[in-house]
Amino acid sequence: MSIPKTQKAAIFETNGGKIEYKDIPVPTPKPTEILINVKYSGVCHTDLHAWKGDWPLDTKLPLVGGHEGAGIVVAKGDQVTNFEIGDYAGIKWLNGSCMSCEFCQQGAEPNCPDADLSGYTHDGSFQQYATADAVQAAKIPKGTDLAEVAPILCAGVTVYKALKTAALTPGQFVAISGAGGGLGSLAVQYAKAMGLRVVGIDGGEDKEKLFKSLGGEIFIDFTKTKDVVTAIQEATNGGPHGVINVSVSPAAISQSCKYVRTLGTVVLVGLPAGAVCESSVFEHVIKSIQIKGSYVGNRQDTAEAIDFFSRGLVKSPIKIVGLSELDSVYKLMEEGKIVGRYVLDTSK
Ligand code: 8ID
Ligand code: ZN
Ligand code: ZN
């Protein structure tokens with residue numbers, strides 16, 4: 001396979017600065033890395049946070065963002081034994097970890113203090129050729145639609161793991177706060193596949209329509225509902241047993257501690273800048289609720305989440321646009337106007 005010397009990428013020099021679509025060198029894989037010809041990359045809200053510099057964790061600069069990249073292995077380092085040229089591979093958020101700390105040792109690799117992150121501390125999938133750690137790169141079955149599998153690599157894995165963290169049983173209610181966005185639209189489907197009854201909270205008719213088409217049962221429009229807490233509790237006869245928070249709203253996150261059912265579990269996933277989750281200590285104790293954080297997933301969660309997709313249990317509600325249009329995707333995302341997930345075609 002001939003690998004060019006230069007390639008197109010979306011790159012920025014400073015947080016919040018201009019996103020340039022331009023030619024940059026094709027990176028060379030280290031002995032432990034593969035080089036992936038990225039065909040499609042999902043745009044996660046995390047990429048927007050990274051560009052804006054929202055979090056108390058520095059990005060590398062200049063940075064090529066992106067961590068939902070799906071493509072084909074075109075080169076590999078001489079220590080790589082688990083991928084062959086021509087295999088399908090995925091770039092996900094966790095690109096590497098130390099593999100020897102107490103967290104890595106128990107399979108909690110995303111929680112490693114030395115984690116290397118695609119599209120954050122390592123140039124990611126908003127380019128035509130990207131390097132990835134061979135241990136952490138996702139295995140994608142040959143013949144998979146690379147545009148549709150892309151969002152599974154972060155959004156899918158993350159919500160699948162968050163639902164496991166909620167530890168619900170079939171027939172129970174789960175609320176997805178932010179149900180019409182990238183993570184939310186996949187969470188609805190993973191939850192359904194797990195036998196849960198799904199309540200969606202988001203704003204606007206397009207999001208409601210998508211939610212219903214994905215098998216969601218009860219939709220609460222936060223832009224039209226005066227008392228969201230009471231509406232959710234009434235619709236679920238006492239509140240959902242679990243809540244997956246994938247909105248980018250601190251108020252919505254704190255609200256979920258109010259409407260969750262007694263003995264229920266609130267899972268924190270969305271990461272609004274500077275957010276604090278407020279829970280009344282009195283209610284927290286009397287209702288004996290749990291609040292848990294959930295951060296992407298490990299290699300096993302990734303394999304399982306892709307397997308649900310491969311078996312047709314979840315579908316990616318995507319809209320494909322060119323890599324050159326990343327800045328306009330960020331604009332729509334900031335305004336909360338994205339229904340489902342945008343995926344970038346790296347050839348345009
Ligand atoms: O591992 C993790 N914890 C992880 C992994 C991946 C992504 C965390 N995230 C984080 C992202 O960084 C981001 O903060 O999850 C959040 C959601 O990512 P996304 O799904 O990629 O974002 P989106 O497509 O913009 O969807 C957000 C949805 O929230 C809705 C919006 O309308 C949109 O559909 N929303 C908002 I903003 N305010 C709401 C409210 N008050 C709301 N929905 C309900 N109530
Ligand atoms: Zn992500
Ligand atoms: Zn570690």
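For ligands, and for the atoms within them, numbers begin at 1 and follow the listed sequence. Just so it is clear, the model here is predicted, and its values are computed rather than measured.
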I need the [X] [atom1] to [Y] [atom2] distance, nearest 0.5 Å.
| X | Y | atom1 | atom2 | result |
| --- | --- | --- | --- | --- |
| D345 | Y40 | CG | OH | 4.5 Å |
| E33 | D133 | CD | CG | 6.5 Å |
| K192 | L313 | NZ | CG | 11.0 Å |

- For ligand 1, is G203 a contact, meaning one of its heavy atoms is under 4.0 Å away? no
Side chain, backbone, both or neither: which part of [X] has a heavy atom under 4.0 Å from ligand 1?
| X | value |
| --- | --- |
| D202 | both |
| S247 | both |
| C154 | side chain |
| F222 | side chain |
| Y342 | neither |

- May I ask you to list the protein N, O or S atoms found at less than 2.8 Å from the Zn ion (ligand 2)? C44 SG, H67 NE2, C154 SG
- Message: Between E148 and K315, does any NZ, NE, NH1 or NH2 come within less than 4.0 Å of an OD or OE carboxylate oxygen?
- Response: no
- Item | E335/K337 salt bridge by N-O under 4.0 Å criterion | yes
- Query: Out of K76, K30, H122, which residue meets the side-chain hydrogen bond (donor to acceptor under 3.5 Å, both in side chains) rule with T131?
  - Reply: H122
Can you report which non-hydrogen protein atom sits closest to [atom], along with the distance?
| atom | value |
| --- | --- |
| atom 4 (C) of ligand 1 | T158 CG2, 3.7 Å |
| atom 23 (P) of ligand 1 | H45 ND1, 3.7 Å |
| atom 26 (O) of ligand 1 | G181 CA, 3.5 Å |
| atom 38 (N) of ligand 1 | S249 CB, 3.5 Å |
| atom 15 (O) of ligand 1 | G270 CA, 3.4 Å |
| atom 20 (O) of ligand 1 | L183 N, 2.8 Å |
| atom 12 (O) of ligand 1 | T46 OG1, 2.7 Å |
| atom 1 (O) of ligand 1 | V296 N, 2.6 Å |

- From V266, V229, V267, residue fulfilling side-chain contact (heavy atoms from CB on, under 4.5 Å) relative to S256: V266
- Query: Counting only heavy atoms not in K224, do more than 12 sit closer than 6.0 Å to its NZ atom?
  - Reply: yes
- Task: Could you name all protein N, O or S atoms found under 2.8 Å from the Zn ion (ligand 3)?
- Result: C98 SG, C101 SG, C104 SG, C112 SG
